[in-house]
Amino acid sequence: MGMTIAFELFKLAVVGLIAGLFSSTLANRDHRGRKWWEMRVAAYQGAIEALSDLVYYYDKRYASEANYRELSSETEEKLKLLFQKSFPKIRRLTDTGAFLFSDQAQAALKDFVNQDESDFYLEMLENYRAKAKACLEKLVNYSKEDLSLTSKWQRDLKAWWNS
């Protein structure tokens with residue numbers, strides 16, 4: 001009788017140990033997945049904010065040049081600081097965010113950073129402005145897909161079911 005109680009206690013201990021290891025593994029995987037997702041959100045958010053600031057910068061510069069208007073020294077300083085903060089941020093995210101962004105988002109950022117030079121300032125502003133707007137739009141769309149809480153196979157299954 002003493003042996004059967006000891007054996008039953010042993011079985012309970014083994015079951016408890018296995019259940020504990022299993023739940024610990026699941027909790028660790030969930031935690032790592034959440035952290036990874038939070039890092040990706042922060043990267044996309046930073047890139048979208050910086051691109052939005054650059055669109056504003058290029059819009060103001062282009063409007064000023066196209067209408068032959070001088071900007072106030074206060075606006076000039078504000079735009080200068082905005083550019084000095086935003087463009088390097090995009091460049092850094094392009095270099096360091098490769099593991100956080102989707103391949104399409106990474107390509108859009110690289111395309112934006114590697115801009116063509118122009119002989120005419122107004123033409124250059126127009127090109128930069130157009131590229132910034134296009135990159136911002138693409139990044140917003142890619143972020144919606146990349147940061148979706150449903151998994152890729154769930155989206156594929158839903159698309160297959162609806163087709």
Side-chain angles (χ1 to χ4, degrees), residues 23-160 162-163:
S23 63
S24 173
T25 301
L26 289 178
N28 186 30
R29 180 180 294 169
D30 181 58
H31 174 72
R32 287 182 21 206
R34 285 179 199 226
K35 282 299 196 187
W36 178 251
W37 187 81
E38 288 171 3
M39 287 173 53
R40 294 187 78 199
V41 166
Y44 272 104
Q45 183 179 8
I48 288 169
E49 287 172 356
L51 280 168
S52 179
D53 288 346
L54 286 172
V55 167
Y56 175 79
Y57 170 85
Y58 290 127
D59 280 345
K60 288 291 186 189
R61 287 277 182 213
Y62 182 79
S64 169
E65 290 294 323
N67 297 320
Y68 303 105
R69 285 190 328 230
E70 293 227 5
L71 297 171
S72 69
S73 60
E74 182 181 299
T75 303
E76 280 284 345
E77 190 62 29
K78 179 182 169 187
L79 289 176
K80 180 180 173 185
L81 290 173
L82 196 64
F83 185 83
Q84 288 174 342
K85 180 185 99 184
S86 300
F87 194 81
K89 185 174 188 173
I90 292 295
R91 196 188 72 251
R92 279 191 309 273
L93 283 169
T94 302
D95 294 339
T96 62
F99 69 99
L100 296 170
F101 296 118
S102 68
D103 291 342
Q104 299 97 331
Q106 184 68 19
L109 286 171
K110 278 187 178 186
D111 184 47
F112 172 72
V113 170
N114 299 327
Q115 297 192 11
D116 301 326
E117 293 295 322
S118 175
D119 292 335
F120 301 103
Y121 185 64
L122 188 62
E123 185 180 305
M124 181 189 72
L125 284 174
E126 187 175 14
N127 289 341
Y128 286 6
R129 187 177 94 173
K131 278 191 144 183
K133 285 181 179 181
C135 186
L136 177 60
E137 185 178 320
K138 287 177 184 178
L139 215 59
V140 167
N141 290 332
Y142 295 144
S143 72
K144 288 177 184 177
E145 182 180 324
D146 294 344
L147 300 174
S148 172
L149 292 178
T150 57
S151 66
K152 182 175 176 358
W153 70 268
Q154 287 172 318
R155 288 191 304 270
D156 292 344
L157 183 63
K158 186 178 180 181
W160 174 81
N162 291 332
S163 63

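Just so you know, these numbers come straight off a predicted model, no measurement behind them.
Two rings, from F87 and F83, have their centers less than 6.0 Å apart.
Heavy atoms of other residues, nucleotides or ligands lying less than 6.0 angstrom from CD of Q104 number more than 12. By the 6.0 Å contact criterion, CD on E123 is enclosed, its count of non-hydrogen atoms from other residues, nucleotides or ligands being greater than 12. Other residues, nucleotides and ligands contribute only 12 or fewer heavy atoms inside 6.0 Å of the CG atom of D103.
Using a cutoff of 4.0 Å between basic side-chain nitrogens and carboxylate oxygens, K133 and D59 are scored as salt-bridged. Taking 4.0 Å as the cut-off between side-chain N and carboxylate O, E49 and K85 do not count as a salt-bridged pair. Comment: E126 does not engage R129 in a salt bridge, judged by the lack of any side-chain N to carboxylate O separation of less than 4.0 angstrom.
Scanning all heavy atoms of the two residues, the minimum distance from K131 to D111 falls at NZ-O, 3.2 Å. The shortest non-hydrogen separation linking L139 to A47 is CD2-CB, 3.4 Å. The shortest heavy-atom contact between S86 and A50 is CB-O, 3.6 Å. Of all non-hydrogen atoms in L79 and R61, the two that sit nearest each other are CB-NH2, 4.2 Å. Closest approach of L93 to F101, counting heavy atoms only: O-CE1, 3.7 Å. Nearest heavy atoms, S143 versus Y44: CB-CD2, 3.4 Å.
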Y142 and L147: CA distance, side-chain angles, deciding distance, side chain to side chain contact (heavy atoms under 4.5 Å, CB included) verdict: CA-CA 8 Å; Y142 295 144; L147 300 174; over 6 Å; no
Would L51 and F112 count as a side chain to side chain contact (heavy atoms under 4.5 Å, CB included) here? Give the steps. CA-CA 10 Å; L51 280 168; F112 172 72; 4.0 Å; yes
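Looking at S64, its side chain does come within 3.5 Å of a backbone N or O of R69 through a donor-acceptor pair. In this structure, the side chain of T96 engages the main chain of R92 through a donor-acceptor pair within 3.5 Å. Under the 3.5 Å distance criterion, the side-chain polar atoms of T94 are matched with a main-chain donor or acceptor of I90.
With contacts defined as side-chain heavy-atom distances shorter than 4.5 Å, the pair R91/P88 qualifies. In this structure, Y57 and K78 have side chains that are not in contact, with every pair of non-hydrogen atoms separated by 4.5 Å or more. Between Y128 and L54 there is no side-chain heavy-atom pair separated by less than 4.5 Å.
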